Amino acid sequence: TSPLAWLRTRFYYLLIRLYFDQEFSVEEFTRGAKQAFSVVSKLLSQRKLDLLDELVSAEVLQALKEKISLLPDNHRDALAADIDAIMYTTEGDVRIYYDDDGTKFVSILMRFWYLNGANLPDEVPGEAKVFQIVFGDESTKEKRHLLTANYEFQREFTEGAKPDWTITRIEHPRLLE
């Protein structure tokens, strides 16, 4: 992340704490985002989209239903991210906005890099083989791929709104397109 982007996100986090949620914590949000990413990615991989109603916006869920049904099994398997396989997480964009009715929203784009052992072809662009583990002899190799995903979390901060974050964008580049 560039220093300017880092400063900008920290400024927005300060605004969130000052004007919306005095107990907002970047560390706690990141922990929750990682957990949500792991749960949602596994449910996507298992095609259990009906269990995503409370976590994912209706618009995103509808688009996912169409995309997931067309995915080959190896790409679907590559969507799943165990929480222990998440290697790196960073904030992308943080936005604070109001709609015409005065409703207040905060959205935070999170980027995840995770290891996955799905059987992906070597020519999949945008991912990198991180390592191969050899168990026993040379004929038995386990490939691991470093994959990326972008999830955007949104929360309404209007008085009386539920204090829940909803996923409003899911991107798994080269897998879920």
Side-chain angles (χ1 to χ4, degrees), residues 1-68 78-116 126 146-177:
T1 309
S2 74
L4 187 58
W6 184 86
L7 281 173
R8 187 174 150 271
T9 55
R10 294 307 176 253
F11 175 71
Y12 276 112
Y13 288 148
L14 177 63
L15 290 177
I16 292 168
R17 284 184 62 99
L18 290 175
Y19 295 106
F20 299 109
D21 182 359
Q22 294 176 353
E23 296 181 20
F24 179 80
S25 160
V26 178
E27 295 79 16
E28 186 177 322
F29 175 82
T30 301
R31 271 193 305 278
K34 286 169 98 171
Q35 185 176 6
F37 165 62
S38 180
V39 168
V40 169
S41 68
K42 287 177 186 175
L43 291 173
L44 287 174
S45 176
Q46 298 165 2
R47 294 184 179 158
K48 294 181 178 178
L49 303 180
D50 54 322
L51 299 177
L52 296 175
D53 283 339
E54 297 294 316
L55 301 171
V56 178
S57 72
E59 299 83 16
V60 171
L61 195 53
Q62 183 58 39
L64 287 172
K65 286 178 182 178
E66 295 168 13
K67 290 179 181 181
I68 293 291
L79 296 175
D82 287 326
I83 198 155
D84 295 334
I86 299 171
M87 299 290 100
Y88 184 69
T89 304
T90 187
E91 307 93 8
D93 191 23
V94 179
R95 292 180 290 150
I96 297 172
Y97 55 95
Y98 299 81
D99 69 7
D100 294 336
D101 300 329
T103 308
K104 302 178 257 186
F105 292 97
V106 170
S107 70
I108 302 173
L109 177 67
M110 296 296 292
R111 294 191 172 114
F112 303 96
W113 285 262
Y114 64 102
L115 290 175
N116 184 288
L146 182 63
L147 302 170
T148 62
N150 301 314
Y151 280 47
E152 183 176 59
F153 296 84
Q154 183 183 76
R155 179 177 167 193
E156 181 180 345
F157 280 95
T158 308
E159 191 170 323
K162 291 182 0 181
D164 297 332
W165 290 90
T166 303
I167 299 170
T168 56
R169 180 171 35 160
I170 294 178
E171 297 172 341
H172 284 262
R174 314 294 189 266
L175 297 174
L176 197 58
E177 293 181 343

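The model shown is predicted, which means the values in this text are computed figures rather than measured ones.
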Non-hydrogen side-chain atoms of [X] and [Y] separated by less than 4.5 Å:
X      : Y      : result
Ile68  : Leu79  : yes
Ser107 : Tyr97  : yes
Tyr19  : Ile96  : no
Phe20  : Lys104 : yes
Thr90  : Trp113 : yes
Val56  : Thr166 : no
Asn150 : Arg169 : no
Leu44  : Leu52  : yes

Expected output: side-chain Ser45 to main-chain Ser41 donor-acceptor under 3.5 Å = no
query = Are the side chain of Asp82 and the backbone N or O of Asp84 linked by a donor-acceptor pair below 3.5 Å?
reply =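 Side chain of Asp82 to backbone of Asp84, a donor-acceptor pair under 3.5 Å: no, none is there.
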ask   = Pick one: which of Arg111, His172, Glu171 meets side chain to side chain donor-acceptor pair (under 3.5 Å) with Tyr151?
value = His172
key: Trace of the side-chain contact (heavy atoms from CB on, under 4.5 Å) decision for Asp21 with Val106   = CA-CA 11 Å; Asp21 182 359; Val106 170; over 6 Å; no
At what distance, to the nearest 0.5 angstrom, does [atom1] of [X] lie from [atom2] of [Y]?
X      : Y      : atom1 : atom2 : answer
Lys34  : Arg31  : NZ    : CZ    : 9.5 Å
Phe105 : Thr168 : CZ    : OG1   : 10.0 Å
Lys162 : Arg155 : NZ    : CZ    : 11.5 Å
Thr9   : Leu4   : OG1   : CG    : 10.0 Å
Tyr98  : Thr158 : OH    : OG1   : 9.0 Å
Glu152 : Asp93  : CD    : CG    : 7.5 Å

request  = Applying side chain to side chain contact (heavy atoms under 4.5 Å, CB included) between Leu61 and each of Ile167, Ile170, Leu49, report the one that passes.
outcome  =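 Single pass found, and it is Leu49.
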inquiry  = Tell me which one of Phe37, Phe112, Tyr114 satisfies side chain to side chain contact (heavy atoms under 4.5 Å, CB included) with Thr89.
reply    = Phe112
task = Mind telling me whether Trp165 and Phe157 have parallel, tilted or perpendicular rings, with 30° and 60° as the class edges?
result = perpendicular
message = Glu156 vs Asp164, test: side-chain contact (heavy atoms from CB on, under 4.5 Å). Steps then yes/no.
response = CA-CA 8 Å; Glu156 181 180 345; Asp164 297 332; over 6 Å; no
message = Could you report the tightest heavy-atom contact between Ile83 and Ser38, atom names first, then the distance?
response =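 Minimum heavy-atom contact is N-OG, 3.3 Å.
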key: Within the 6.0 Å centroid threshold, strictly below: Phe29 and Phe153   = yes
query = With the threshold set at 4.0 Å, does a side-chain nitrogen-carboxylate oxygen contact exist between Arg8 and Glu91?
reply =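 Salt bridge between Arg8 and Glu91, a charged N being under 4.0 Å from a carboxylate O: no.
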